[in-house]
Number of protein chains: 2
Amino acid sequence: MAGEAGTRMREAGLRVTRPRVAVIGALEAMRGHHTADEVHAHLARNDVALPRTSVYNSLTALADAGLVMRADVGRGAIVYEVAETWHHHFVCGRCGGVSDVPCLAGARPCLTPGEDVGAVDEAQVVFRGTCRRCLDADGGGDTAHEH
Amino acid sequence: MAGEAGTRMREAGLRVTRPRVAVIGALEAMRGHHTADEVHAHLARNDVALPRTSVYNSLTALADAGLVMRADVGRGAIVYEVAETWHHHFVCGRCGGVSDVPCLAGARPCLTPGEDVGAVDEAQVVFRGTCRRCLDADGGGDTAHEH
DNA sequence: ACTTATACTTGGACAAAGTACAAACAAGCC
DNA sequence: GGCTTGTTTGTACTTTGTCCAAGTATAAGT
Ligand SMILES: [Mn+2]
Ligand SMILES: [Mn+2]
Ligand SMILES: [Zn+2]
Ligand SMILES: [Zn+2]
């Protein structure tokens with residue numbers, strides 16, 4: 001189980017290094033969407049001392065190789081997660097929560113532009129609005145909640 | 001023509017202020033997709049001295065009011081443009097160029113998530129890949145071009 | 001196992017992008 | 001004109017991410 005990620009790295013042409021194994025392990029342990037610095041903090045909490053730069057390097061390499069999913073949801077920082085299936089995201093403008101939205105098609109890219117713009121690798125959809133919890137909170141109270 | 005933008009601001013419940021008029025004027029003059037700092041630089045070049053903060057404030061207000069379009073294409077900074085019709089974007093991973101992609105539907109939101117996530121205001125699609133010019137350049141040379 | 005090429009890491013400095021805040025200002029309304 | 005309140009403005013600051021050069025360790029070759 002520990003070597004399973006290593007195998008996928010090697011298959012992707014990546015060297016299996018301590019930072020990369022630690023980073024992908026952290027993402028698996030945390031579940032959900034996390035920024036580079038959140039991953040860094042999680043590792044620090046668990047006594048894995050990695051330079052901030054190395055976390056950024058690892059996340060970039062892993063995302064480029066397709067081992068983790070990178071999503072820019074416009075929340076400021078890019079969020080990463082372990083890649084199971086290709087999907088999209090919904091961002092709540094009230095509380096900032098990010099939730100998954102199943103992809104309409106199964107393959108990537110799941111949409112194609114009408115015009116010819118070149119070669120399309122992927123199409124990421126970001127839905128924006130107010131999440132169910134914030135809508136419900138509006139009925140009762142007015143306070144924003146934490147996810 | 002100068003007061004036209006002012007009217008739309010008032011209609012949107014915004015006060016018509018010098019920074020906002022200058023910023024929307026700059027976006028109209030520049031055409032295309034531009035970052036907050038690019039707008040700031042353009043104004044400075046045209047002897048309109050605005051604090052950087054004010055450009056950020058104005059762009060945020062104008063975008064929230066729907067007078068300009070805000071697009072996070074993951075290029076680092078958010079880009080703004082004068083809003084004519086709702087559309088999506090294609091980003092070239094080679095040269096960083098951003099081009100418009102006509103929206104599939106006409107209205108906003110143009111897509112709906114399968115699941116119930118709450119109230120969806122908009123759905124922005126970001127296509128990523130290699131633009132036609134970079135593809136063509138690949139055949140002849142190897143160098144990246146400017147847009 | 002020993003050697004080697006080079007991908008990767010590491011630390012530190014740096015740059016870009018955006019936010020916080022409080023005092024001064026001015027747009028809109030009477 | 002005078003008032004109220006949304007905005008501006010200057011400054012400082014944070015957050016997010018990149019660059020670089022020297023050291024390290026992975027994987028391949030022998
Ligand atoms: Mn996700
Ligand atoms: Mn556009
Ligand atoms: Zn919410
Ligand atoms: Zn291009």
Side-chain angles (χ1 to χ4, degrees), chain A residues 2-3 5-26 33-44 48-65 67-68 70-80 93 96 98, chain B residues 2-3 5-26 33-44 48-65 67-68 70-80 93 96 98:
Chain A
T7 307
R8 280 182 299 164
M9 286 188 213
R10 240 170 259 119
E11 282 170 2
L14 289 181
R15 285 192 184 173
V16 181
T17 67
R18 195 181 77 97
R20 286 173 185 169
V21 173
V23 163
I24 205 168
H33 309 92
H34 299 280
T35 67
D37 279 332
E38 283 169 359
V39 172
H40 181 245
H42 173 91
L43 288 169
V48 180
L50 281 186
R52 219 171 56 94
T53 307
S54 292
V55 176
Y56 276 89
N57 287 345
S58 297
L59 284 171
T60 301
L62 292 170
D64 287 347
L67 295 197
V68 309
R70 166 173 41 208
D72 187 332
V73 294
R75 214 197 75 188
I78 294 166
V79 294
Y80 297 86
V98 178
Chain B
T7 308
R8 280 182 299 164
M9 285 186 215
R10 240 171 259 117
E11 282 171 1
L14 287 180
R15 287 191 183 173
V16 182
T17 66
R18 194 182 77 97
R20 285 173 186 169
V21 173
V23 162
I24 205 169
H33 309 92
H34 298 280
T35 68
D37 280 332
E38 282 168 359
V39 172
H40 182 247
H42 173 91
L43 288 169
V48 180
L50 281 186
R52 217 171 59 94
T53 307
S54 292
V55 176
Y56 276 90
N57 287 344
S58 297
L59 284 171
T60 300
L62 292 170
D64 287 347
L67 294 197
V68 308
R70 167 173 40 209
D72 187 332
V73 294
R75 215 198 76 189
I78 294 166
V79 294
Y80 297 87
V98 178

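For the numbers below, each heavy atom of this structure counts, side chains included, while hydrogens, waters and symmetry mates do not. Each chain gets a letter, A, B and so on, in the order its sequence line appears, and its residues count up from 1.
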Per T53(B) side chain, nearest of listed nucleotides dT10(C), dT11(D), dA27(D)
dT11(D)
Could you pull out the closest heavy-atom pair between L14(B) and A65(B), with the gap in Å?
CD1-CB, 3.6 Å
Spacing of L50(B) atom CG relative to dT11(D) atom C1', expressed in whole Å:
17 Å
Rounded to the nearest Å, what distance is computed from the CG atom of residue D72(B) to the P atom of nucleotide dG17(D)?
11 Å
Side-chain N or O of R18(A) less than 4.0 angstrom from OP1 or OP2 on dT9(C)?
no
So do E38(B) and V79(B) actually touch side chain to side chain, heavy atoms under 4.5 Å?
no
Among dG10(D), dA7(C), dG17(D), which nucleotide sits nearest the side chain of P51(B)?
dG10(D)
In whole angstrom, what separates M9(A)'s CE from dC8(C)'s C1'?
13 Å
Protein-nucleotide distance (D64(A), atom CG; dC8(C), atom C1'), rounded to Å
15 Å
Gap between atoms CD1 and P, on I78(B) and dT19(C) respectively (whole Å)
7 Å
Between L59(B) (CG) and dT7(D) (C1'), how many Å, whole number?
15 Å
When you compare the side chain of I78(A) with that of T35(A), does any pair of heavy atoms fall below 4.5 Å?
no
Taking the side chain as everything from C-beta on, heavy atoms only, tell me whether D37(A) gets closer than 4.5 Å to V55(A).
no
Residue R20(B), side-chain atoms from C-beta onward, closest of dT8(D), dA7(C), dT10(C)
dT8(D)
Nucleotide of dG18(C), dT26(D), dT9(D) approaching A77(B) most closely (side-chain heavy atoms)
dG18(C)
Does any donor-acceptor pair link the side chain of T17(B) with the base of dG6(D) at a separation under 3.5 Å?
no
Side chain of Y56(B) only, heavy atoms from C-beta on: which candidate in dT8(D), dT19(C), dG17(D) is closest?
dT19(C)
Just how far, in rounded Å, is P of dG17(D) from OH of Y80(A)?
6 Å
Tell me whether the side-chain N or O atoms of R52(B) pair up with the base of dG18(C) as donor and acceptor below 3.5 Å, since no angle test is needed here.
yes
To the nearest 0.5 Å, what is the distance between OG1 on T53(B) and NE2 on H40(B)?
8.5 Å
For DNA chain D, whose closest nucleotide is more 5', that of A49(B) or that of T60(A)?
A49(B)
Starting at CZ of R10(B) and ending at P of dT7(D), how long is that distance when rounded to a whole Å?
13 Å
Map R15(B) and N57(B) onto DNA chain C by nearest heavy atom, then report which one ends up closer to the 5' terminus.
N57(B)
